[in-house]
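Quick caveat, the model's predicted, so the values are computed rather than measured.
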Amino acid sequence: MEFAAIFKAAFALVVGLDPGFLAIVGLSLRVTLTAVLIAAIVGLPLGAALALARFPGRSAVIVCLNALMGLPPVVAGLLVFLMLSRSGPLGSLGLLFTPTAMIAAQVILVLPIVIALTRQTVEDLWSEYRDHLRSVGLEGVRAIPTLLFDGRFALATALLAGFGRASAEVGAVLIVGGNIAGYTRTMTTTITLETSKGDLPLALGLGIVLIALTLAINAVAFGASRIGARYA
Amino acid sequence: MTTTRRLLLATGFSIALAGIALAQTTTATPPAATAPATSDSRFITVSSTTSTQDSGLFGYLLPLFKAKTGIDVRVVSQGTGQALDTGRRGDADVVFVHARAQEEKFVAEGFGLERKAVMYNDFVLIGPKSDPAGITGTKDIAAALKAIQEKGAPFVSRGDKSGTHSAELALWKVAGVDLDAKKGAWYREIGQGMGAALNTAGGMGAYVLADRGTWISFKNRGDLVIAVEGDRRLFNQYGVIAVNPAKHPHVKINDGQAFVNWLVSPEGQKVISDYKIEGQQLFFPNATQAGA
Amino acid sequence: MRDVASILPLAVDAVSFLGDGRRLIDGLSFDMPAGGLAVLLGPNGAGKSLTLRLCHGLLTPSQGRIRWAAGAEGRSRRHAMVFQKPIMLRRSVEANIAHALAAAGISGSERRDRARDALARFGLSERATQAARLLSGGEQQRLAIARAWALRPELLFLDEPTSQLDPAATRQIEELLSGLVAEGITVLMSTHDLGQARRLASRVLFLHRGRLIEDASAQSFFAQPASPEARAFLAGELIW
């Protein structure tokens, strides 16, 4: 197919809000937003606690977390796959090849980013705020809400970075989701599949949505950091 | 600046809401042509091959099965070897593949119940219009492969232990080419699915062995044409096996067996022969043929 | 004016503090009765800031005790502290005050009323919704004092509150501090600015190398310093 014709067909899919197309976009967003939400609920307090706590082996934990930020998605997918396979330790849950499994894999990808960046942000803030917060009686766990709130712009950027990583990856969701049509087929796995089938307009249409999403995320992240900088 | 900040927060919030709303509404939308599946319904998981998936057969066949039985079929498409492994681990209720020797081994190991022949399609040798090996239009696959090897014309191999890959390796043997000795820059293993192999062959002006179903539905042909077809040795038999509940007690043996039985029933067989793309029948049911 | 027992006098009893293996505060003893503005005076490194932090509870004495007349523990401990470099939360001016009140367990409309009172008292009402970190240095220190004042402390600690301000802002802060003393708040502040000590102090605690060398009324300290160190300091000589 002509290059121009492919683009035209892709835009028709995007603009025409084809139901099959929307279902794929919707599932991708549902999986990734849920994963980021879970990672935020778990990771923000954990990252803050890690910033404030002092214990033996803390440096090792921090180094590991920073390394995990670069964990290849397929490895995360493989780990979840091995856990959730019927022959694996959590096989009885019957979660392999479901959106839940995809969410689990993406949480593993996003969580280290959220924890590591939260730790960095909160630790910097704490060194600045420590005297005042201790003066008004906020120490340890009681200081965490203040630190998370005041780090909100940097933390929002961390969550967006996590969202970007999760929404763009294909390896993990392909392995644990199985790319089942209408059930676990996301934008990235569809792009892979449709490219291999030679259906380039659908692949490109989804690519356009992904790029638009990435652009929007980066615009919001940029705006947040700009405003955060003005507040700082 | 406060206004800007509020605006930004509001924008971010709305995007998130819109995303969630979209996610909610679209899950309620009936999926288009492909297998419908919702989490609360009756369903089975079938591990199958990329060729059946890529050819669009499941998109046509599964809604009819669902209408008849109310059972959703979730298809995980992989190479034949991987699809059988998925069954071995108990992650599928039924395997639907095309590599007879591997299928029989799967049953012999006790992982599957009875293997049933379902249908066949045939392989075609695809090549560039320029035809560097000079084989386009011939009927003898063994001679054609021999010519490719002797002329060092580029050839793309799936290299992924799929059914098509197994068939290709068997054909090289038939052609008397010892791949281990003759493998060179001309022989390119990509370790990917059928569609990807066709894309690669198109990009490199190489020959490639493909199943006819994927070839017919493949849309990005470029300069590729059929070089060799019609040789009986290009025959590609599909089989279906329910996973043995004795190995994996959780498998949905009743619904899985229902799917197997429907595929080989006169009704299922007719559905298979009715599936056409651009007027061409892709699969030929042969459940009743002895020895298939 | 208070319906609870006063936390004053504060008794600092033979307090020493060790850091990096050195005796940074050495056998410090003094009382802080209610009323007046006491200045901790001394050259850099004398231990002024450490003394304030020990009294405020940010540091724990290595030896000796800090004792309050009545309970000054827990959330509303009725002593507050303002730091040399104002620590501004990344929030609005009003929210900075509300946050400190919330930390002290004050909620709802009382928190809002007290925050607004503090803004009005320190001339910051018009800045209420602005980002605190965008205020000028003088305004930030004023907000820090307003924030401490909102907690209704009996005793207020200030650590070199004007050392980073220009003369105009310094004068403004000094006027505010005189107002606080007139209001009945007891103040203990550190400074190395002799002029400021002369203008504000009713009492001087002169520190040198972690030891309390002189503890006298401002009048007698400036008229007749008893120790050679204090005389040298007042004469503007570098003592070390």
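Proximity to chain C at a heavy-atom threshold of 4.5 Å picks out nothing from residues 51-69 of chain A. Residues of residues 116-129 of chain A lying under 4.5 angstrom from chain C, judged on non-hydrogen atoms, are A/Leu125, A/Glu128, A/Tyr129 in numerical order.
Residues C/Met81 and A/Asp131 fail the side-chain proximity criterion, which asks for heavy atoms closer than 4.5 Å. Considering only heavy atoms from C-beta on, C/Leu89 comes within 4.5 Å of A/His132 through its side chain. With a 4.5 Å cut-off on side-chain heavy atoms, A/Ser135 and C/Phe157 do not count as touching.
Listed by chain and residue number, nothing satisfies the side-chain hydrogen bond (donor to acceptor under 3.5 Å, both in side chains) test with C/Glu126 (two or more places apart in sequence, or in another chain).
Between A/Arg152 atom CZ and C/Arg91 atom CZ the span is 6.5 Å, to the nearest 0.5 Å. For the atom pair A/Arg134 CZ and C/Leu59 CG, the distance stands at 7.0 Å (nearest 0.5 Å). For the atom pair CG (A/Leu147) and CZ (C/Arg90), the distance works out to 10.0 Å, reported to the nearest 0.5 Å. For the atom pair NE2 (C/His99) and CG (A/Leu133), the distance works out to 6.0 Å, reported to the nearest 0.5 Å.
Among residue pairs with one or both ends in residues 100-113 of chain A, those qualifying as side-chain hydrogen bond (donor to acceptor under 3.5 Å, both in side chains) are A/Thr32-A/Gln106; sequence neighbours excluded.
Sparse packing is recorded around CZ of C/Arg127, with 12 or fewer heavy atoms of other residues, nucleotides or ligands lying under 6.0 Å away.
Between chain A and the residues C/Val82, C/Leu58, C/Leu101, the largest count of heavy-atom pairs under 4.5 Å involves C/Leu58.
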